Structure formats: structure tokens, C-alpha cells
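Here the structure is a predicted model, which means the values were calculated and not measured. Reminder, nothing fancy here: chain letters follow the sequence lines and each chain counts from 1.
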Amino acid sequence: MCQLPSVYDVMIAEKPKAAEKIATALGSYSRCSIDGVPVYLLRAGGSDIVIVTSAGHLFGPDTRVRGLPVTEIRWAPLWQFDPRSRHLRRFYYVLSKVVPRARSFINACDYDIEGSTIGYMIIRNFGDPHRAKRMKFSSLTPTELRKAFVNMTPLDVSNSMAGMARAELDWLWGINVSRLLIRAYTKASGRWRSLSAGRVQTPTLAEAVRRWKEINTYVPMPRFSLRATLAYGSAEVQAVPKGWAPSTRSEAIAIAEGVKKGGYMTASRYQEQVLEVRPPPPFNLTDLQEEAARIYGLSPYRTQEIAEELYLAALISYPRTNSQRLPSTLNYSEVLNALASNPRYSSLIKRLVSETGGHLQPRQGEKDDPAHPAIYPTGERPERLDRDHERVYDLVVRRFLAAFAKSAMIARRSLLLTDVDGRAWVAEGEAVVREGWLAYYSFSRPAEKELSRVPQGSRLKVQKVVLSTLWPPSRVQLSRLALLRWMEANDLGTKGTRARIIETLYRRGFLRSGRARTEVTDLGYAVYRALSAVAKELTSVELTRSFEEQLEMVAEGRATKDAVVSKAKDYISSLVGSVLSKGLDVLGTELVTISEGGKGPRCKLCSRAAGPSGLCELHEEALMKLRATLPEVARALGVGKREALAEIAKRSTTGTWVKEVAKAILSGSLDWPEDQ
DNA sequence: GCAAGGTC
């Protein structure tokens, strides 16, 4: 239990870890707890301070309205209506006991609009915004926190209003359009199903659709690769064309024969270039998710879950960060010493200390985060971790060690050659000449390849020339990781929500993991089409950009939250009204004909609704691309169109719909205008 | 029940 002073100022932190850091920074404190929620007591600036904490948002928008449209928003404690927020009840209880009795209130949540809102809502519900101040800090370091305490500013109400506006706009768009989808689906199919739309998830679905179409309508263009094996003494040298490529198969064959007949190539220049490769910066969450996916195939969401568990076990620092920078206040050698007690890292750390001579200057990245530094190991010794936790932890430790190590030195060697007809060829080699950070973080080690030094003018005997026809795969990717990268590049969602929102798309059945990659389902495509027809703004990142502009106006006091929200209410109500008044037809038709079969003509190649051509628009698009590319493929291969079509139908890199179209033409079940 | 944003 806690004995509170009779007069005190209360300081509200966003999360328990921050409360602890603030307490530590401000002086010697005593800590007690109520219901397991920590409370810190200390004297600072001549008064008694009580530090209490939330655990993220404590309040959120809710409504009693069940129908459509819904414009009534009530902010309510999350634990009262959101089953996943039940843990917040204890925090709510403690805040409701400690805050009201305070003399004044300090919002010490992270300095961003979400933090401003978290603290403001607590002060508004349990205290009094007129007797409140704001602490502004950009990191949780003692110096910064002390500075923020001395330089407190008036409560930043307009930032909180911007945060509330963000929440209300997201909620209005999300709840209304989701309900509209569900209702249309239920009406058209007679079944209930959970469907959803939102400012972040719907543009992400739209991007998945774009990529899915690209991949499935992809027609590979054959490339003819030549590889000459040359002998230099007892060494073998592999040479490939330099700066040119045969454009047809017959040309490639002629060249291969000419080179073989010529018998030798002449070395024109041997070059060696040593590249300095700096260590990668310490991890932010996205980089960690990328590496865990690349190296271990972990989904971004799984990686995030694991990182959060490692954080709660005090093994690593706060993972929901954008920063690639380690705090200068962190005692690096203390962390290294602690890590060295783990036999797994002791010899690596010994090596690191000797290589750096104890001079620990980490590589810092470009990206920063106002609230948190990059992810680093605390040095705490892990007890027992399962395989995936162990892997993620190991990545964090090694990336941390690598940050202090020297650059790697990579020698790129190349040998320029000329064949008897004067064409240029090149043989390449790569070697690690100094390991540097690669010794600590070996996941990025280049594949080494030898290349002996050959003096200029030497003749190298041609042993063989191999010609292979390549059908390069589409460069477009569709996977959880690819979508995550796209979201980050477009500033969609936040570090903490991106992976989760991607999972939502899978959970709703909009996306599905196929054999090798992700696919959009018929349902996902139907939802995308339906929304393009009735709420186009939801399908693009522009809605987020327009939110950002409006929120900035609110934060700067050039617009009020109520004005912005009420405009959105009007807009969404009329959107919902117009869809409802048309009997949900547009939505329902899209949802049902595409995902369930429905009535009307079917595509000759699948069960989707067909257009006038007898094909659905996806196979139609595949047919068009095939038509545009086929002549070029046939010319490159030196064969007729029908034979080229047979080749395309066989290739594993060909897009699925293109393959289906090609097979149908070959079997005669689909007309091919070019034949007539 | 539907969003997206905090964080346990």
C-alpha cells in the first residue's frame, strides 16, 4: 500500500517503465504499489511529487449506437468495453484514487499527439486541465527529463485535441464503412461475416491487390545467358558478357559457337577495388522484423510479439522504436561485460574489446525516434528461451556488438576479357579481406568467390561456353514483409500497428498465404472492388495525408477538433446514406458475385463474373499483356507464336492467369484473334 | 462487431 503526502503534485507517465525512469532522474524516490501498479514518491522542485502511470491509452472512442450511420462518439475507459484491455482496469483504479487528490497535474507522457491525449484524458477525467502542465522530452534520459521538469510548459491542449481527432476520424471511417460492408454482405449472402475497412488497412489491401495483379499477369521475357569457362594455368575462370547481351536465341547460339571456335580470350585488364562496408546501424523495430523474416522466416508480427516478451523479461530495450541510434547515456562497457558472462558471447566480446581497444563508439543510423532509442540488449542473462525467442534475442545482441566493430573490407576483383571477335567479357570475384563487423553479425556475409590475378595480354583458353535461356521472375513481391516495407515507406500506420494490421487482413480472409507467397482471396478482391466503388478515398494513402493536414491545423489551433470531426461526420453520413438508399446494391453485388459466384455469365477460366469477352477482368488483363508481349518472345526465341505460347505456358515464372490463358488458347478452348 | 493507436 501507499502512504501519500497530504499535499502533492501528480505526474502521469505513459507506461510503467517511463514512470521508473522519470523517478530515477528526478531524485531519490520511494516506490510503493497499489494492486501491483507502481507509484513513485519523491521531492523535487520544492514540492512532493507522486508519479503514477497508465499503460498506453486508457480511454478510447465508443458508442451506444448499433446501427448505421453511427456519429455518436463517447470516450470511455477501454477496459469497460474492450475485452483485450482488461489489464487496464488496475491502472484505471490507481489513477482514479491518486489523481483527484493532487494539487496540480503534470502530463509526463511521451511527447507526441498520442502521449498528449493519453495524459490529457486522464487529467480531464480525474483532475483538472486548468491546473495542469506538460513535460516535454525527446528521450527518457536523466538529463533530458530533469531539463523537462525544470522547463515545464502549459498543458498542450491543442495537441491532445489533434490526438482525439485522429482517434475519432479513424473510428468514424472504420466503424461506419466496416458495418456497411458487413450489412451488404449479410443482405446479399444471407450469412454474417466479420468484414472491415480502415484508413490504414484498406490502402494496404489495395496495394496487395495491385501487386497480386502484377504478379499473376506477368509474362516473363526470355534472356539468353552465356557463360564461358576459361583456363588460366590450372585455375578456372568464369566469364560472362560485359555490357551487352544477345537479344535472340539464334544470336546467342552463333556467339557461343564463335567463341568456342575462337579458342581463347585475351585479358585486357585486372582490377581490384577494396570497399569499406560500415557496420549496419542498431535495430529499430522494422529492421529487426526484416532481418528476422529474411534470416529465419519469422512473420513481422511474430517478431514483434517475441521482442515485446523479451522486453518484458528485461532482456532487451523497448522494441517499439523507429530509432537506429544508441543513447550516449548507455554504459556500453557495462552492457558488454554483462553479456560476456553468457558463454555464447564471451569469446566474441573478448575479441570486440581487443579490436576496439576498449574505445566503444557505436555506428549510429539515420532514423531517430522522439521517445525511444534503438533496440539493444540490457545485458540481463536469459534463463531459458525457446528457439524463436533465442533467435530474435541473438539478432539483437549481435547487431549491437556489430555496431562497435570496425568496417568490413571487401575486395571486388574483376578481369576484363576480349574474345576473338572483340566482344567484352568479365570475370568477377569477391573476397572478405577484413572481417570487421561481419565476425559479429555474419548474416550479411557476402558469398566469396576466388579470382586469380591474370596479367594483361594473357591468353585464356576457352574450355566451354554454356548457353542457358532464363525466364526471370517478376520483381514484384507480395508477402507480409513486402507490405510492411511498403507501409513504412508510405508512412502508413505506426511501428506498433503495421504488423498487426497486416495480420488483420489475413484474419478477415482478405489475404492468404499460398505455397510460396501471399495471395489476395476472392473475398479480399471483392472488398477492394466494393470499396473502390463506394468509398474510394479509403483505398488510397491520400486519406492519411489529408488526416495529417487536418490534425496539424488542430494542433496549431487553426482549426478545432469539433469542426474537423463534424465535417467528417457529415461526409460519412451522406456516404452511408447514399449506399443504404440504393439498397446496398453496388456493395452487395461486388461482394457476392465475386466472392460467392452469384448469377450472370461466368469467366471461361474461373468462377468470377465475366465481361463481354467471356473472361473476367483478371484473365482479360492477362490476355492483353500476353498479346502485347508474345511477338517479342517469339522473335527472341526464333519460333512461331504458337510455340512461344507453349513455352510461356510451361515456365514456372509465368503469372498464373497468363498461364491459364495460354493453356486455354493452346487447347483451343479460348479464341486467339491473332490466329485468324 | 467493426479502426488505429497506445502498451501489458
message: Output the rounded distance in Å from CG (Asp110(A)) to P (dT7(B)).
response: 6 Å

- prompt: Just checking Pro61(A): base, sugar-phosphate only, or nothing, at a heavy-atom cut-off of under 4.0 Å?
  reply: base

message: Could you walk me through whether Asp369(A) and Lys495(A) satisfy the salt bridge (Lys or Arg N to Asp or Glu O under 4.0 Å) test, starting with their C-alpha distance in whole Å, then the side-chain angles of each, then the deciding distance to 0.1 Å, before giving a yes or no?
response: CA-CA 11 Å; Asp369(A) 186 304; Lys495(A) 59 220 168 193; 2.8 Å; yes

message: Check this for me: does the side-chain of Arg179(A) come within 3.5 Å of the base of dG1(B) through a donor and an acceptor?
response: yes

query: Rounded to whole angstrom units, what separation is found between the CD atom of Gln201(A) and the C1' atom of dA4(B)?
result: 9 Å

message: So Thr497(A), base contact, sugar-phosphate only, or nothing? Heavy-atom distance under 4.0 Å.
response: base

query: Whole-Å distance between dC2(B) C1' and Trp192(A) CH2?
result: 8 Å

task: Would you mind reading off the distance between Leu205(A) atom CG and dC2(B) atom P, rounded to a whole angstrom?
output: 16 Å

- request: Tell whether Arg498(A) reaches the base of dG5(B) with its side chain through a donor-acceptor pair below 3.5 angstrom.
  value: no

- line: 5'-most contact on DNA chain B (nearest-nucleotide basis), Asp170(A) vs Arg183(A), goes to Arg183(A)

message: If you assign Ile175(A) and Ile501(A) each to the DNA chain B nucleotide with the nearest heavy atom, which residue ends up on the more 5' nucleotide?
response: Ile175(A)

message: Quick check on dG6(B): is either OP1 or OP2 less than 4.0 Å from any side-chain nitrogen or oxygen of Thr494(A)?
response: yes

statement: Among dT7(B), dG6(B), dA3(B), the one nearest any side-chain atom of Thr504(A) is dA3(B)

- request: Report which part of the nucleic acid Gly60(A) touches: base, sugar-phosphate, or nothing (heavy-atom distance under 4.0 Å, all strands).
  value: nothing

- prompt: Does a salt bridge link Glu207(A) with Arg211(A), judged by any charged N lying under 4.0 Å from a carboxylate O?
  reply: yes

- request: Measure the distance from NE2 on His87(A) to P on dT7(B) and round it to the nearest whole Å.
  value: 11 Å

- request: Could you check whether Phe547(A) gets within reach of a base, just the sugar-phosphate, or nothing at all, counting any heavy atom under 4.0 Å?
  value: nothing

- request: Measure from CG on Asp491(A) to C1' on dG5(B) and round the result to the nearest Å.
  value: 15 Å

query: Nearest of dG1(B), dA4(B), dC8(B) to any side-chain atom of Ile182(A)?
result: dG1(B)

Sugar-phosphate only, base, or nothing, as touched by Arg508(A) at under 4.0 Å among non-hydrogen atoms: sugar-phosphate

task: Check whether any side-chain N or O of Ser196(A) sits under 4.0 Å from OP1 or OP2 of dA3(B), and answer yes or no.
output: yes

message: Once you apply a heavy-atom cut-off of 4.0 Å, does Arg199(A) come out as touching a base, just sugar-phosphate, or nothing?
response: sugar-phosphate

- prompt: Between dA3(B), dG1(B), dG5(B), which nucleotide gets closest to the side-chain atoms of Arg66(A)?
  reply: dG1(B)

- request: May I have the distance from Leu575(A) (atom CG) to dC2(B) (atom P), rounded to whole angstrom?
  value: 21 Å

Leu312(A) CG - dC8(B) C1' separation (whole Å): 6 Å

- prompt: Does Ile113(A) reach the side chain of Met164(A), with side-chain heavy atoms less than 4.5 Å apart?
  reply: no

- request: Check Gly60(A) against Phe81(A) and note the closest heavy-atom contact, atom names and distance.
  value: O-CZ, 3.7 Å

field: Asn284(A) side chain to Ser323(A) side chain, donor-acceptor N/O pair below 3.5 angstrom
entry: no

task: Report yes if a side-chain nitrogen or oxygen of Tyr311(A) is closer than 4.0 Å to either non-bridging phosphate oxygen (OP1 or OP2) of dT7(B); otherwise report no.
output: no

- prompt: Does a side-chain N-to-carboxylate-O contact under 4.0 Å join Arg399(A) and Glu291(A)?
  reply: yes

